[in-house]
Amino acid sequence: MLSAFARHAATGARQAAATPRAMSVAGTPGLMSVTGMRFKSRMAAAEEAKPDTPLRPLEETETYDLPAFKTHRMDLGGLPTSTTASGAQLQEYFESMYRMRRMETKADELYMTGHVRGFCHLYNGQEAVAVGVEAAVSYEDYLITAYRNHCQQLARGDTVEAVLSELTGRVTGCSGGKGGSMHLYKPENRYFGGNGIVGAQGPLGTGLAFAAKYQGTKNVAISMFGDGAANQGQIFEALNMAQLWRLPIMFMCENNRYGMGTSTARAAASGDFYTRGDYAAGLYIDGMNVLAVREGIAYAAERCRSGEGPVYVEVDTYRYKGHSISDQGTGYRTTDEVQSMKASRDPIDQVKTMLVDGGWATLQSLKGVERSLRKEVDAAVKFATEAPQPPPEHLWKDVLSPSASGESVVRGTLVTKGGKVGTPL
Amino acid sequence: MTLVSAVCAAASRAVCLRGLPPPWLLATGSASVAAWGRRRAAQQAVTAPSPVSVPEQPASKTPGGVADVSTPSSVTIPLSTGPLTVGSADTGGTRSMNLFTAVNDALRIALEADESTVVFGEDVAFGGVFRCTQDLRDEFGPDRVFNTPLCEQGIAGFAIGLAASGVTAVAEIQFADYSLPAYDQLANEAAKFRFRSGGAYAAGLTLRMPCGAVGHGGLYHSQSPEALYCATPGLKVVMPRDPVRAKGLLLASIRDANPVIFMEPKALYRASVTMTPVGDYEIPLGVAEVVRHGTDVTLVGWGAQVHVLCAAAERATAEDGISVEVLDLQTLCPWDIDAVVASVKRTGRLVVSHEAPLSGGLGGEVAATVAADAFLSLEAPVKRVCGWDTPFPLAHEKYYLPNVERCLEAIKETVAF
């Protein structure tokens, strides 16, 4: 199936590309920088410069400077200072991130209109992290995260319909409507989903990493948590085990600057999270730049695979929305701070700039892509509000493993009131 | 006002206060309490039908200065195992095992039968404090049997992740008391993983933990927190009473697809010895066992308390000719309601007993269920004989525990009602 981008592209030369990971890099590398001018003025300038020039083939590549990494107990020299990306890869990243942003915006609306109940934590601003990670590892590698987990579900190959209908508590949701916003899973792609308890996924990810090593694979585990969870004791317990046993795991702190309503400066004795693994290697990545995330995670993953033990990765990012929907996100920071972050570091705008500057797209063609993605999300919203709710009997489904005949089992009912499980000796 | 008299005054003001020692026990101060204790102990020594008594000896000290509780020093456990119902031709005969060697044997079989099985916990590579994992590292290698750091929350979370990835994870928490730092992981992650993922994942780990009184364990090496885990849907909770049951129930727990909290009464590790099948067998979870048949009153217990109940039953028969039925729940969650209700419908009377404190204990659940399901058969109110609602005491352990005397009194009162 053609991607939204390809459907709206101007020439037939740009067919939908293979997945970025499988794609071979071709073309003449140049050197471009995406930092500097603010997005809107850059875009306007780009449009003026190339009003009607034919778009460049997507398989062609450019080389980009990367924002500086920082390391702790790890050789900084091994990390790249620039990387190459093809138009097709950038197109894929743009589509993924825009789809995420749009889905989250609609999730917000669904919450405000009473369709989503309970808790809901949005990812706006952090999309480059989820997308960059997936560009660096495969679905053979384990991924587990906290409750801000909608976009990882998309990145791990699920649909907007499955995510939104889980949020609205429908049986079509990725957890059958029983998990809700904080508990999305994709077992076939080794996504171990969202955890409602701050920091709980640290030890779980360590178990997954042990399994990868124990089973003799070269797979790695990524356990994502926020800067708030970085202060949880169990993260340190897990890190200690992982370092002790040289487990292939990245403890990945998404530093979005605020643990709920408290800034890192007020909550963390050290805001240099990448150094907080102490004895473990650490890596700082600019998490607003998808290419930096891709390259940094690829490097850390390779280190994990080589048996050198865990890497404590800090991804420097920013949350545009409040902690959850009940938090407007304005009581503890200025509107200026949010606006300035959006204007200067927005991850989607950065990729848009690359696409337009590289000649693979125009603002016009990108608008077409956005329109198509909005339609996709709108259809999913409709689906999520119309799909059936789980039947009442699902209340006692999956509490315990089903009986041999497939019946649901809950203590006090089937096991004890109906036939016994197993045969007495 | 002394502390004792203050407690007394409070107790007499609120006569319905539950889970406190009777006011007469505290009324005349500590000297008479001690005298009462000595009297009771003397009575018990004279009248108990030859319980297996571990001789009194001073608690040995480990180099770290911590009392070595691996050898019960002053606990008296009347050993009555009930009929040996386990053992068939294909289990390869029997051999004498105590409870820790039976656990060790079950772990060995699990490691042999399923190569994905891993066993870990604090000091388990050296055999563990209670020797349950003795020699397993040498037999199966350090990749499969290994020590963890001292971090229970980390151990539990690690085990849950491991189990969710398909590995058979058998973790040990050194004492049930230490499972409380891990309670968050067990209650919020293990218990809910299957439900909240719509069946996508399950954390079918087995978490072993020694529990219960041991004679001198004090506040943090004696507790029986089974009610906490029973109050957590998604978990199963098991407690064996002897080596035969320990081995069969542990193998069933390890092979169960659900997270199982497997609580081992530490006082029985050495004190309980049975001829135990050497082969691979399972005792199904969720099924109680009738340990002793009777017609006048039903006693329900689990773990080490089953032996106390059996001793009380024998005395009730010997002294008053009361015919007592004793049930061992074995699996505390889900517990075997059918078996208990059927028994109470026959006898018309129920005494339920556990070491854990009265309030919020599983005994209340048993009593309420029987009141609902066998109301018209009841000839007397259901009695609970439990630990008092105090922290688990060091100096006062023998007053705290629901011993043979208290159980016997409850039987007699219930029958005489």
Side-chain angles (χ1 to χ4, degrees), chain A residues 142 144 166 173-180 182-187 190 192-193 195-197 200-212 214-215 221 233-234 236-238 240-241 244-245 390 394 397-402 409-413 415-417 420-425, chain B residues 85-88 116 118 143-144 146 148-149 151-167 169 184-185 188-189 192 194-204 230 233-234 236 248 252 256-258 281-287 289 333-339 369:
Chain A
Y142 298 97
I144 184 165
E166 184 60 38
C174 47
S175 301
K178 289 172 68 178
M182 299 201 285
H183 304 298
L184 314 177
Y185 304 89
K186 189 82 179 157
R190 293 197 171 162
F192 284 72
N195 281 265
I197 299 295
Q201 68 279 20
L204 264 70
T206 308
L208 295 172
F210 184 90
Y214 179 73
Q215 288 160 348
Q234 54 182 325
F236 294 96
E237 293 188 14
N240 180 56
M241 286 191 273
L244 192 66
W245 300 326
H394 281 198
K397 186 167 178 270
D398 294 320
V399 175
L400 294 167
S401 60
V409 171
V410 175
R411 61 166 174 205
T413 55
V415 170
T416 47
K417 291 282 188 183
K420 300 268 194 290
V421 172
T423 316
L425 286 160
Chain B
T85 56
V86 174
S88 59
S116 91
V118 289
D143 289 346
R144 301 186 63 194
F146 52 91
T148 62
C151 54
E152 290 76 16
Q153 194 177 16
I155 293 168
F158 173 81
I160 294 163
L162 201 49
S165 76
V167 169
D184 165 57
Q185 280 285 353
N188 282 323
E189 303 300 322
K192 298 176 174 64
R194 183 187 296 274
F195 187 83
R196 74 180 194 217
S197 68
Y201 291 111
C230 290
K236 291 188 177 182
D256 194 275
N258 301 289
Y281 64 94
E282 295 175 28
I283 296 177
L285 304 187
V287 181
E289 184 181 336
C333 182
W335 63 281
D336 192 344
I337 295 175
D338 286 354
T369 305

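Order of the sequence lines fixes the chain letters, A, B, ..., with proteins taken first and strands second; residue numbering starts at 1 for each chain. Computed from a predicted structure; not experimentally measured.
To the nearest 0.5 Å, atom CD of residue E189(B) and atom CD of residue Q201(A) are 8.0 Å apart.
Chosen from P390(A), G193(A), A200(A), the residue pairing most often with chain B at heavy-atom distances under 4.5 Å is A200(A). For the set A209(A), A238(A), P203(A), the entry with the most heavy-atom pairs within less than 4.5 Å of chain B is P203(A). Highest contact tally toward chain B, considering only N195(A), L244(A), I144(A), L184(A), is held by N195(A) [criterion: heavy-atom pairs under 4.5 Å]. The candidate from S116(B), A156(B), A252(B), A203(B) with the greatest count of non-hydrogen atom pairs under 4.5 Å with chain A is S116(B).
Taking every heavy atom of both residues into account, A202(B) and R194(B) meet most closely at CB-NH2, 3.2 Å.
In this structure, chain A has heavy atoms under 4.5 Å from both the backbone and the side chain of Q153(B). Contacts of Y142(A) with chain B are made by side-chain atoms alone, with heavy-atom separations under 4.5 Å and no backbone atom involved. Using a 4.5 Å cut-off between heavy atoms, F192(A) contacts chain B through both its backbone and its side chain.
Residues R196(B) and Y201(B) have side chains that never bring a donor and an acceptor to within less than 3.5 angstrom of each other.
With hydrogens and angles disregarded, a donor-acceptor distance shorter than 3.5 Å links the side chain of E166(A) to the backbone of G180(A). Side chain of K236(B) to backbone of L285(B): no donor-acceptor contact under 3.5 angstrom is found.
At least one side-chain heavy atom of V118(B) sits less than 4.5 Å from a side-chain heavy atom of Y214(A).
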